[in-house]
Amino acid sequence: MSLAATCWWTLARAVVLCLLAWPVCSLVERTFKQQSLRWRPWLLAGLLAPFCLPELMVGYAFRDIAMAYPALAEALCCGLLFIRLVPVGAIALLVAPPSAVDAGGLYCRRLLCQSQPGFGHQAFELARCYWHGPILRALPALAIMSIVAFQEFELAALLQTLSWTDWFVTAQRLGLERSEMLRQSLWPLLMQAPVLFGVLIWLRTQLAESRYLGSIEHPDAPAVHRVLSVGMICIGLAVIVGCLIPLGLIGWRTIEGLAMLLRQRSQLAGLGREMVISSSIALCAGILSWVISGWMIGFAFNGLVLGLVGSLLLSLGSVALFQLPLLRAVYDTPLPWVLALIVWLLPRAALLRFWLQAWRNNEAIHLANLLANCDRNSTLKTGGQTRADSVFHRFRPSSLLWHLRDQAQFLAIGLLCYWAYCDLPTAYMLAPTGMASGIVRLYNFMHFGRSAAVSAESLIFFGVPVICFALILVVNRKLR
């Protein structure tokens, strides 16, 4: 199939999946906002888990099923992609500002339509209310979901379904000239352009601080209980199908695969070296993208649109850019790899900053700063111990600031680093000679189906950074 036909097929699949996922995203958003503050972190973890699990692992887990039943491969890919789109849409809705016309306004307008003459005029006004209310609020979330679905690569490649991303990788393997690949890349770029600029305009509107997310809708009505129950069921099913089942399919032969790796010390040493290389690149890209995004939001916001085109097109453009005469000297270095990852991560870093800004309790942070800067020696003494000493003994200001401010930033930077660690297109096209990333080697071996050795290596490669990050987080909390 030609690239144009493949692009249209991928676009149609993305649009259908986004429209089907939209009601579930709205339900999950309501569930999250009606949940108590105590359980929101756990609900957020369950919501993000299917999206944060590497696509390569999910595609590898279900590849054998897709190969055994080729007729179901497209449906399986759509189902897995549907599960990954719901967290994206729900998070975008939670970050988005409230509707200009709420449910009460829509209800009043419907009453006017029933009580006043002139059906055509009233229907037009009702349509305007819906446009300025739920529809206009839904468009940015739908746009972001469509970008994620349209740029999908690993699932489509491993499940052998049509996708323009897999077409480019296959063309590169077959030796298509780079100039022709750049010319062909105009097809997906032009298809994404209207949505990309729409998302960029929406992101600009988030520069103003939004605090509406802090409100809690108390679940005291039966309808609210039903929303909570259905929403929790949807999140639970997504975690089971999108996380637990893939991990179970991969991990059931882990012990056998680990035994094989221990007998092959050279292969285990090579895997460790690949993990060190990938971790170093990911740490540089993740930290720098977080720092640069804070500057770009204030001074160069339009530059974020480059990262929205996807890592595959960014990698193609980086290959062409760094093969120019002036930049050819640094082509075979980690610099193009790191720069492409930074540009790709910048929109994600900006979205995470908007999320933290929306949920940050500035009053509590200000009080914690005052507590940290107060003069402990100037307080009244009670029983040989100052009152402030007793307070500081139980609640240290550094611990409060870590809980209120620093922990969320630490988690956001860690998530950015892990996204960079798991990104396949940049490593596939930009990793220099002698610094091959383990994710590329695992991707090549995954095309031969599940095996004990590849499953064990995958769990080690993708799991060890998560365990290390969790240990650092726990130790940091203990030390504070």
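Below, each value reflects all heavy atoms present in this structure, side chains not excepted, and no hydrogens, waters or symmetry copies. Note that the numbering runs from 1 along the sequence shown for the chain.
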Practice task
Taking all non-hydrogen atoms of both residues into account, name the closest pair between Val309 and Leu196 and its distance.
Solution key: CG1-CD1, 3.7 Å
Problem - Distance, nearest 0.5 Å, that separates CG of Leu48 from CG of Leu53 - result: 12.5 Å
Problem - Expected output: side-chain Arg450 to main-chain Asp64 donor-acceptor under 3.5 Å - result: no
Handout entry: Between Arg353 and Ser293: side-chain donor-acceptor atoms closer than 3.5 Å
Key = yes
Handout entry: Phe410 side chain near Ile472 side chain, heavy-atom distance below 4.5 Å
Key = yes
Exercise for the section: Measure from the side-chain N and O atoms of Asn444 to the backbone N and O of Val440, and report whether any donor-acceptor pair falls under 3.5 Å. Expected result: yes
Exercise for the section: Quick one: which residue pairs count as a salt bridge (charged side-chain N to carboxylate O under 4.0 Å, His left out) with a foot in residues 316-335, not counting sequence neighbours? Expected result: none
Problem - From SG (Cys243) to CD1 (Ile83), nearest 0.5 Å - result: 9.0 Å
Fill in the blank from the handout: So CH2 of Trp42 and CG of Leu47: to nearest 0.5 Å the spacing works out to 15.0 Å
Practice task
Give the ring-plane orientation class for Trp8 versus Trp187, where under 30° counts as parallel, over 60° as perpendicular and anything between as tilted.
Solution key: perpendicular
Handout entry: Trp419 (side chain) donor-acceptor with Leu416 (main chain) under 3.5 angstrom
Key = no
Practice task
Kindly give the heavy-atom pair with the smallest separation between Cys52 and Leu415, and that separation in Å.
Solution key: SG-CD1, 3.6 Å
Handout entry: Pairwise distance CG(Leu85) to CD(Glu152) - rounded to 0.5 angstrom
Key = 8.5 Å
Exercise for the section: Classify the ring geometry between Tyr421 and Phe461 as parallel (under 30°), tilted (30 to 60°) or perpendicular (over 60°). Expected result: parallel
Exercise for the section: Can you see which heavy atom on Trp337 is nearest to which on Ser437, and at what distance? Expected result: CH2-CB, 3.8 Å
Practice task
Give a yes or no on whether the backbone of Phe462 and the side-chain of Tyr418 come within a donor-acceptor separation of less than 3.5 Å.
Solution key: yes
Handout entry: Side chain Gln151, main chain Leu308, donor-acceptor under 3.5 Å
Key = yes
Fill in the blank from the handout: What one should report as the nearest heavy-atom pair of Trp22 and Ala141 is CZ3-CB, 4.1 Å
Handout entry: Enclosure of Leu324 CG (heavy-atom neighbours >12, cutoff 6.0 Å)
Key = yes
Completion exercise
Distance col, row Met57:CE vs Ile439:CD1, nearest 0.5 angstrom, shows 10.5 Å
Problem - Summary of salt bridge (charged side-chain N to carboxylate O under 4.0 Å, His left out) pairs that have at least one residue in residues 9-27, sequence neighbours excluded - result: Arg13-Glu74
Exercise for the section: Identify the two heavy atoms, one from Val86 and one from Ala21, that lie closest to each other, and give their separation to 0.1 Å. Expected result: CG2-CB, 4.3 Å
Handout entry: Ser146 (side chain) donor-acceptor with Ala143 (main chain) under 3.5 angstrom
Key = yes
Handout entry: For Leu459 against Gly251, the heavy-atom pair lying closest together
Key = CD1-CA, 3.8 Å
Practice task
Working to the nearest 0.5 Å, report the span between OG of Ser455 and CE of Met446.
Solution key: 8.0 Å
Practice task
Go through the side-chain N and O atoms of Thr426 and Ser311 and say whether any donor and acceptor fall under 3.5 Å apart.
Solution key: no
Handout entry: Close side-chain approach of Phe153 to Ser163, heavy-atom, < 4.5 Å
Key = no
Practice task
Answer with yes or no after comparing the ring centroid distance for Tyr60 and Phe448 against a 6.0 Å cut-off, counting only values under it.
Solution key: no
